[in-house]
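Inspection log for the structure reproduced underneath, given as structure tokens.
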Amino acid sequence: MRRPIILIALLGGFAFGCNENARQVAEDEEQEVTETQALPDTANLTPALSSITTDDILKHTKVLASDAFEGRGPGTIGEDSTVNYLVRQFKQLGLQPGNPNGTFVQEVPMFGFTAQPKASFTAGNKTINLNFPSDYVAVSRRFVPNVEVNNSDMVFVGYGIVAPEYGWDDYKGLDVKGKTIVMLINDPPIPAANNSGELDSTMFAGKGMTYYGRWTYKYEIAAEKGAAAAIIIHETEPASYPYEVVSGSWSRENFDVSNANKNMDKTAVEAWITSEKAKELFKASGKNFDQLKAAAIKKDFKPVPLNAKANFNIKNTLREIKSKNVIAKLEGSDPQLKDEYVVYTAHWDHLGKDTKLKGDQIYNGALDNASGTAGLIELAEAFTKLEQKPKRSILFLAVTAEEKGLLGSKYYAENPLYPLNKTLANINMDVLNAYGPTEDVIVIGHGNSELEDILEEEASAQNRHIIPETSPEKGSYYRSDHFEFAKQGVPALYSKSGVKAKGQAADYVKKWQDKYTADDYHKLSDEVRDDWNLQGGVEDVQLFFRVGYRVANGTEYPNWKDGSEFKARRDKMLFQTNN
């Protein structure tokens, strides 16, 4: 159930220990208020909804994905063209500058780093040489030209997770300062007690992935623990992508957000190794990889020294850039509520241009994510068509460097232009549907947010229904820009067209998506196609409009659902705000 705004401070206090009598009084009051509330009037949305068209989405997509924009790489002339186009579109719609400084941009300080690593392990009396990038990849996100880790003790820390809510600690108090930790990807696949063929749904979301399973978390906790180097063992099934995806992206220039201490709080070395090299390392250390992997799915697992040493030398080629988020604002009509916000996001960037290639060199990124950015422009236009503006303000945020690690959204979420405790929701778009209308809507990260309840009601108005994602183990919820808002506690919605296309065979969508993933995703061939059917994308953008409109006009403040890993962050934020 969504919480009325007037109860937020009190409910936030519950997370920190109200007595049961106060809890019951508040719950009774919440029920009484909720039952008397009517849904915001949606009768006059026709002009806004009808302004969202396939022609307009295609028009903007064609421009953004054209060769003239050179793949929209951050820090390139392609970025300049993209930012100028977005600013021009927002101005033409009559929107206000989204940055309080009077501009439509938020500068995002970043640096590029290209690593030239050398690495080796010694185990027992054996030296294990590592070939880059076929056996391993390694980078340093510290803004320094050279990083060395010499003769560092290696220790296997299972899945590298500290999760108090699950009673889980893979470190068990071990001091890893100066050591090189080796860990497995994803969450521990803990079997269900009564069915060994299923996973325990009470531990790490069962089949789904929690943030503890993401590689980003594993490096974050390694840095927090003070490890000198952190190595993830790649396995295709739990990672959900082949090693070539890792080696291809980590062996080229990468980016990170700049900070005052030059990222010296990061682990000196972040690395991946193939499972084959990991098994060779364990064997040379007198250990059995498969046995230790099996032991790591139990709570009583303790770190295992590997009787091995790690050596890394990384030379960084560095450059600083100032990339840009683009942000526009539609100010709310209610004097009491206009300082509260709904934020729509889409990432404008793609992979840029690779001048080493012969022939076509441009990663146009038509679906990923020129289409989503086009949808953002269409949403902005739709809100300007309303006869009465929403009560709360709407922000349209096109972020940079999603393809480099969600950096633009990360920077905004950590340096918000508007208070996050007054940001009711983030609604994110990443790759619009180009295969036609569907009967259903996929909620990625299903069960997390009360925004899903609004989505379900509005999808019903389109004669559609919502379903969970089909492969929660891939951790898709943690791989797009809404996640950076979720990390800060802001309820975030990420949904896409479903799996059943109207009037098509049951496997039509799967075949279409599999072909796109195999042939076009992150490839030179992701270009605008004549056979696209963007009507499904239009329906999705209209749906996102309706959800944001409801939140912006509603008397209720969406929250995370009980059991969500993000709920405590929101409760803590609101509690601190009101005390």
Side-chain angles (χ1 to χ4, degrees), residues 119-131 134-138 152-163 166 168-172 174 176 179-200 203-210 212-215 217-219 221-222 227 229-247 271-310 473-475:
S120 66
F121 304 144
T122 56
N125 296 320
K126 182 178 181 180
T127 297
I128 301 174
N129 293 312
L130 300 168
N131 295 315
S134 58
D135 296 330
Y136 81 105
V137 290
S152 172
D153 290 332
M154 303 184 75
V155 56
F156 175 62
V157 294
Y159 286 85
I161 292 171
V162 179
Y166 295 117
W168 197 277
D169 184 358
D170 281 327
Y171 290 85
K172 298 290 192 302
L174 175 71
V176 298
K179 294 182 171 63
T180 294
I181 60 172
V182 182
M183 50 197 158
L184 299 162
I185 190 61
N186 212 317
D187 297 315
I190 302 169
N194 300 321
N195 186 347
S196 60
E198 298 290 332
L199 297 182
D200 185 348
M203 294 294 294
F204 299 103
K207 182 183 176 182
M209 181 192 287
T210 69
Y212 295 117
R214 284 287 288 159
W215 59 268
Y217 164 80
K218 295 175 188 292
Y219 294 133
I221 192 67
I231 302 172
I232 295 174
I233 300 168
H234 178 272
E235 293 181 282
T236 297
E237 184 175 351
S240 81
Y241 41 78
Y243 176 73
E244 288 73 21
V245 171
V246 179
S247 62
W272 293 74
I273 57 172
T274 63
S275 57
E276 291 78 11
K277 277 295 172 182
K279 290 174 182 178
E280 183 181 346
L281 167 66
F282 280 51
K283 183 177 180 180
S285 301
K287 308 295 182 185
N288 184 289
F289 173 79
D290 292 330
Q291 289 178 357
L292 288 183
K293 182 180 176 181
I297 66 172
K298 299 176 182 178
K299 283 187 179 182
D300 60 0
F301 168 84
K302 293 182 179 179
V304 178
L306 289 180
N307 188 30
K309 305 281 188 180
E473 69 277 8
K474 292 182 179 179

For [X] and [Y], which heavy atoms make the closest approach, and how far apart are they?
| X | Y | answer |
| --- | --- | --- |
| T180 | A310 | OG1-CB, 3.6 Å |
| G213 | I185 | O-CD1, 3.7 Å |
| D170 | P303 | O-CG, 3.2 Å |
| P191 | I297 | CD-CD1, 3.9 Å |
| I161 | P188 | CD1-CD, 3.7 Å |
| K218 | M183 | O-CE, 3.6 Å |

How about [X]: does its [atom1] atom have over 12 heavy atoms from other parts shown lying under 6.0 Å from it?
| X | atom1 | result |
| --- | --- | --- |
| K172 | NZ | yes |
| D290 | CG | yes |
| K277 | NZ | yes |

Measuring from atom [atom1] of [X] to atom [atom2] of [Y], what distance do you get when rounded to the nearest 0.5 angstrom?
| X | Y | atom1 | atom2 | answer |
| --- | --- | --- | --- | --- |
| N186 | E235 | CG | CD | 10.0 Å |
| N307 | F282 | CG | CZ | 12.5 Å |
| K207 | L199 | NZ | CG | 9.0 Å |
| D135 | W272 | CG | CH2 | 15.5 Å |

| said: Set out, in order, the CA-CA distance, both residues' side-chain angles and the distance that settles salt bridge (charged side-chain N to carboxylate O under 4.0 Å, His left out) for E280 and K283, then state yes or no. | reply: CA-CA 5 Å; E280 183 181 346; K283 183 177 180 180; over 6 Å; no
| request: May I ask you to check whether F289 and F156 place their ring centers less than 6.0 Å from one another? | output: no
| said: Does the plane of the ring in H234 sit parallel, tilted or perpendicular to the ring in Y243? Use 30° and 60° as the thresholds. | reply: perpendicular
| field | ring-ring contact (aromatic ring centres under 6.0 Å, His included) assessment of Y212 paired with W168 | value | CA-CA 11 Å; Y212 295 117; W168 197 277; 9.9 Å; no
| task | Verify ring-ring contact (aromatic ring centres under 6.0 Å, His included) between F204 and Y159, making sure each step is shown before the conclusion. | result | CA-CA 12 Å; F204 299 103; Y159 286 85; 8.3 Å; no
